[in-house]
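In what follows, every heavy atom counts, from backbone to side chain, and hydrogens, waters and symmetry copies are set aside. In what follows, every chain begins at residue 1, and chains take the letters A, B, ... in the order their sequences are listed.
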Number of protein chains: 2
Amino acid sequence: MAVKDWLPPGVVGVERKLKAGQALFRLGTRTAGLYEVTSGKVRLVRVDPAGREAVLHVAAAGDTIAEASLFSPTYHCDAIATTNAVVRLYPKDALLAQLQSNPSAAQAFMAMLGRQVMSLRTRLEQRNIRSARERVRHYLAVNVGADRRTVVLPGTLKDLAADLGLTHEALYRTLAQMTAAGEIARLRGKIRLIHADLA
Amino acid sequence: MAVKDWLPPGVVGVERKLKAGQALFRLGTRTAGLYEVTSGKVRLVRVDPAGREAVLHVAAAGDTIAEASLFSPTYHCDAIATTNAVVRLYPKDALLAQLQSNPSAAQAFMAMLGRQVMSLRTRLEQRNIRSARERVRHYLAVNVGADRRTVVLPGTLKDLAADLGLTHEALYRTLAQMTAAGEIARLRGKIRLIHADLA
DNA sequence: CGGCGTTTTGAGAGAGCTCAACATCGGTGG
DNA sequence: CCACCGATGTTGAGCTCTCTCAAAACGCCG
């Protein structure tokens, strides 16, 4: 899912540094292209009529923003650096030209978008689950490895908690309960599912 | 966002009726193409090691499923009709051929996917908000019309509540509170934002 | 008019959040 | 090697907010 996995050859990115609070682009301005966040965090926001920010997305290192802007003349929201950040701009015209002329590049791009849609829909569905325990179970079921037993944790439990939409305390407690119940076992950076009912 | 807005010309869909509980496709089977749900509901699920279903997505009338399957030889989850349903299959090979040979079709498809990613990210961000009131505010801010005052409600309030991840009771109460506080006014099928602080 | 789904309001309970304290681990520097 | 420090991990206790269950008013359509 990293940029280099789908970026057409010949499109070069331009780095840009942002101070915390600095705007990368603003609603209504002409689209320059697609950005990849190299470090730090950038938030996409729309300012509501009362002057408050409504956050549309928070992009962290490795994330891309404004994919849709490739097909729009202007940006549809503001992008503001939440922390000091470094972004890389992939210019719209070069990228579009490649996607037009290079079918396999276009296909890679479509495939990436398709996977993202799937992943986002899954995470959204996960949020429909109220119970912390069931939500964790959902996460484990969806992210279990090919062995159907091991789940590799991508980062810290704190990060995972944020991903799951839980406080880290709630996540710790839930994992402790599930461990006590013999449902899972915790290893370094991994969780193993334990199921008595082996088919 | 409807299929006809981006579907390449020359790709014809094949209808298929499903009884409630019937599988449309199964994990690991060869991908036939992309489906549009015409009526009813279809859920995408993965069966977890304990035999329970983990729902990845519930597609209703108008939704498409398995966009990513175009670029994969096999399906990555099961699709099962939750209700009696009608789906329309757009065969993978015809669709891919069009996307390959017809750049503007490819572009329309990419644009659609990009918009979907954006919309899903926004909805996901919305779910990070705990407070019903703030969540409603977020929704209103994101969906306000060009006049920056009117929000058109797509369906019933009950549907909206489900979209927002709230019970309908919670939504009714919240709207009542906001109305009482003079923050919004409710019209038939619309909500008007009221802001004292007009710039 | 009768029935069904939406809308609305009420009361109570439960689950996760908040605040707080402490443990643990890894890195840093004296 | 050890003391220190920050971030992660862990557990406790209380509270708030939404969910749940319940009941009733309303609107729409046959």
Given that A:Arg133 and B:Tyr172 both sit by DNA chain C, which one's nearest nucleotide is further toward the 5' end?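 The 5'-side residue here is B:Tyr172.
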Residue pair B:Asn102 / B:Pro9: nearest heavy atoms and the distance that separates them: ND2-CD, 4.3 Å
From [atom1] of [X] over to [atom2] of [N], roughly how many Å is that when rounded to an integer?
| X | N | atom1 | atom2 | value |
| --- | --- | --- | --- | --- |
| B:Glu134 | D:dC17 | CD | C1' | 14 Å |
| A:Gln177 | D:dG12 | CD | P | 12 Å |
| A:Arg173 | D:dG9 | CZ | P | 15 Å |
| B:Arg186 | D:dG27 | CZ | P | 13 Å |
| A:Lys158 | C:dT24 | NZ | P | 18 Å |
| B:Leu166 | D:dC17 | CG | P | 14 Å |
| B:Ile129 | D:dT18 | CD1 | P | 12 Å |
| B:Asn128 | C:dG16 | CG | C1' | 15 Å |

Do the non-hydrogen side-chain atoms of A:Cys77 and A:Val45 ever get within less than 4.5 Å of each other? no
Flag side-chain contact, heavy atom, 4.5 Å: A:Pro103 against A:Gln107: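 No, too far: nothing below the 4.5 Å cut-off.
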For the side chain of [X], starting at C-beta, report the closest nucleotide among [options].
| X | options | value |
| --- | --- | --- |
| A:Glu169 | C:dG16, D:dT8, C:dC19 | C:dC19 |
| B:Leu157 | C:dG10, C:dT7, D:dT11 | C:dT7 |
| B:His168 | C:dT8, D:dT8, C:dC17 | C:dT8 |

Contact class for A:Gly155 vs. all strands (heavy atom < 4.0 Å): base, sugar-phosphate, or nothing?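 Nothing: the residue A:Gly155, judged by heavy atoms under 4.0 Å, touches no strand.
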Supply the atom-to-atom distance A:Asn128 CG to A:Arg135 CZ, rounded to the nearest 0.5 angstrom.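 With rounding to 0.5 Å, CG (A:Asn128) is 8.5 Å from CZ (A:Arg135).
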Verify the neighbour count for atom CZ of B:Arg30: are there more than 12 heavy atoms of other residues, nucleotides or ligands below 6.0 Å? no
Below the 4.0 Å mark, does [N] have OP1 or OP2 next to a side-chain nitrogen or oxygen of [X]?
| X | N | answer |
| --- | --- | --- |
| A:Arg188 | D:dG9 | no |
| A:Thr167 | C:dG16 | no |
| B:Arg130 | C:dC17 | yes |

Quantified as the angle between the terminal helix axes (five pairs each), what is the overall bend of the helix from C:dC1-D:dG30 to C:dG30-D:dC1 to 10 degrees? 40°
Are A:Glu36 and A:Tyr90 linked by a side-chain donor-acceptor pair shorter than 3.5 Å?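 Distance-only check passes for A:Glu36 and A:Tyr90.
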Residues B:Lys92 and B:Thr31: side-chain donor-acceptor under 3.5 angstrom: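 Side-chain D/A pair, B:Lys92 to B:Thr31: present.
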